[in-house]
Amino acid sequence: MIMEPIIGIDLGTTNSEVAYGFEGRIEVICEGDDGIVASCVGLAEDGRVVVGKEAWHQAVAAPDRTALSVKRLMGTEEKIRLGAESFSPQEISAFILKALKERSERRLNRPVNRAVITVPAYFTDAQRQATREAGEIAGLQVVRIINEPTAAALAYESGNPETRHILIYDLGGGTFDVSIVKIENNVVEVLSSTGDNLLGGDDFDRKIVKRLLDHIESKYQLKLAEDPVALARLKRSAEAVKKELSFAPFALVEEDHIGRKNGQPVHLSFELSRHEFESMIENDLSRTMESINKALKDACMLPSAIQKIILVGGSTRIPKIAEMLEDKFGIQPHGEIDPDLCVAMGAGIQAAREMGIDRSAVLVDITPYTFGTSALGIVNGNPSLTQFVPLIRRNTKIPARRSEVFLTVVDDQEAVDVRIYQGEAPDAQDNVLLGNYWFKLTPSPAGSEITLHFDLDLNGILKIRAVEKHTGKQIDAVIENAISRFTADELSQTRDRVRNLWDHGKQEFVDATSQPAEPSVQENISDEFLDVIHRAEAKLGDAAEDDREEIINRVEDLHDALKENRMEDARRFRDELDDILFYLED
Ligand code: AMP
């Protein structure tokens, strides 16, 4: 007997998704490689009802024939006009559900008539009832309505028997919700839920658009605020640039022919930094923190009682959000299950359970370690040359890419030593050094920007690129087995063991099984030379001009010798450098 399928649906304000429990795993049903259906319904020019991307694309040109964010109207008596026709919110939602139902039928190759649908925890009975009705209009029996935070908790915690308190921070395109749930024996109880119905990524896009309009007005004396086509283009660019800034410290908006001034076309080229973007949305993020305080108060809990934080909603990819939460709770939030798909995954788990199949945890590929670099900064409250700056954090879904910007310390700095570490300690020296690259710079004033890019793939290959921003000059490196098979503790023990043996001058055989997986790097500098190089860098900042030049030349000679495997020369340069430093450090 074939069991009748039950699908799990996240019916969202901006986007919707559907998931199903295939053999042993929960999968969001994609078409092409896209699992997301925009929650947008339109009447095309030829009278067809269109849903998703097609409707979204016509939204600017034909707003009178397009419905967006219908979820906000669920449970009300309002009517929505599409051209000459008028619809209830349930009917518009039913079109979205029908599109998801048909998508599932194409994938499963059989009829689908039953579904689990998620709703926000704060939805009233009337709103829940309207959601059920929407399902029924679409030809779906709604076997269960579950809360969105419950679904998110199931996606992460299903199969974990421990009792835990979890905070779910859900920031989407148009709404923010924060919930505290208790999960016990796979049963999720919502202890509190609050939020802001009118806060989300769309607000951030609007702020960027305003910044672009101000820039165009001040640079070209051109006002575009009333030009719908230019506005629509700027809005799309703003969203793209916002997304890029989640991974890179700078992003460029380029829009040719955005307007005309004195008969001449105006081309927009504007660089926005992550730093400026973060200050633009600072107040919005503070509001979400206030909601968190309220949720804690409603649940009668202190921040220390929260054992896990889950990030849901596309806007939680903004790195500042995880930083703020980590500062407040002292634990690193989890966003490894795609934050756009997490609620649908949980709905899929619940749907599988309703079918009598218990699909446990959702499996995702994550990095078990943090990867970063070292820079001048603060460690344990004291100034340090080796503050660890994480780029790709532990538990990030892979493949992952991140970039960060660093500044030169002195005028005409000739080089920078780019070090790549794996670990969690605030002092990079306590982490595992994976690679060490010498990057010669073009003379320029102190404070010049160098961007460091990390790209970690599913095979654990970490690609590194350092780029001098003002010239575009760059170096590339590859660490083949960045995710080694050792735990952080084992790595630090084996590293100490190898170092001790080395320090004692006993280059005795080290049992291959106890050696850390040696990362293959372009230039892997042994400890014999590292100490002197570190001391040289430490001295660069306060050395006189002549001495600095001397140090840099000697370090470069040393690097060249090492690269070419001229060990005798390398040792000679090391000793010469040691002499210079001895005299300077005295
Ligand atoms: P959701 O409603 O959960 O699908 O979230 C959609 C919102 O997430 C939109 O405002 C998107 O612009 C935003 N979003 C998606 N990806 C990113 C990203 N990488 N960085 C910042 N915001 C993003």
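For this chain, numbers begin at 1 and follow the sequence in order. Counting starts at 1 for both ligands and their atoms, in listed order. These values consider heavy atoms only, across backbone and side chains, with no hydrogens, waters or symmetry-generated copies.
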Exercise for the section: Determine whether Lys294 and Lys297 make a side-chain contact, defined as any pair of heavy atoms from C-beta on separated by less than 4.5 Å. Expected result: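 Lys294 vs Lys297: side chains apart.
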Indicate whether any N or O donor in one side chain lies under 3.5 Å from an N or O acceptor in the other, for [X] and [Y].
X	Y	value
Ser279	Glu282	no
Asn283	Lys207	no
Glu133	Gln90	yes

Problem - Partner of Arg402 by side chain to side chain contact (heavy atoms under 4.5 Å, CB included), out of Asp455, Leu452, Ile392 - result: Ile392
Practice task
Collect the protein residues that have a non-hydrogen atom under 4.0 Å from ligand 1 and hand them over in chain and number order.
Solution key: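 Ligand 1 pocket, heavy atoms under 4.0 Å: Thr14, Asn15, Gly172, Gly173, Gly201, Asp202, Glu239, Lys242, Lys243, Ser246, Phe247, Gly313, Gly314, Ser315, Arg317, Ile318, Asp340.
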Handout entry: Criterion ring pair (Phe, Tyr, Trp, His ring centres under 6.0 Å) against Phe176, the qualifying member of Tyr122, Tyr169, Phe204
Key =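 The option that passes is Tyr169.
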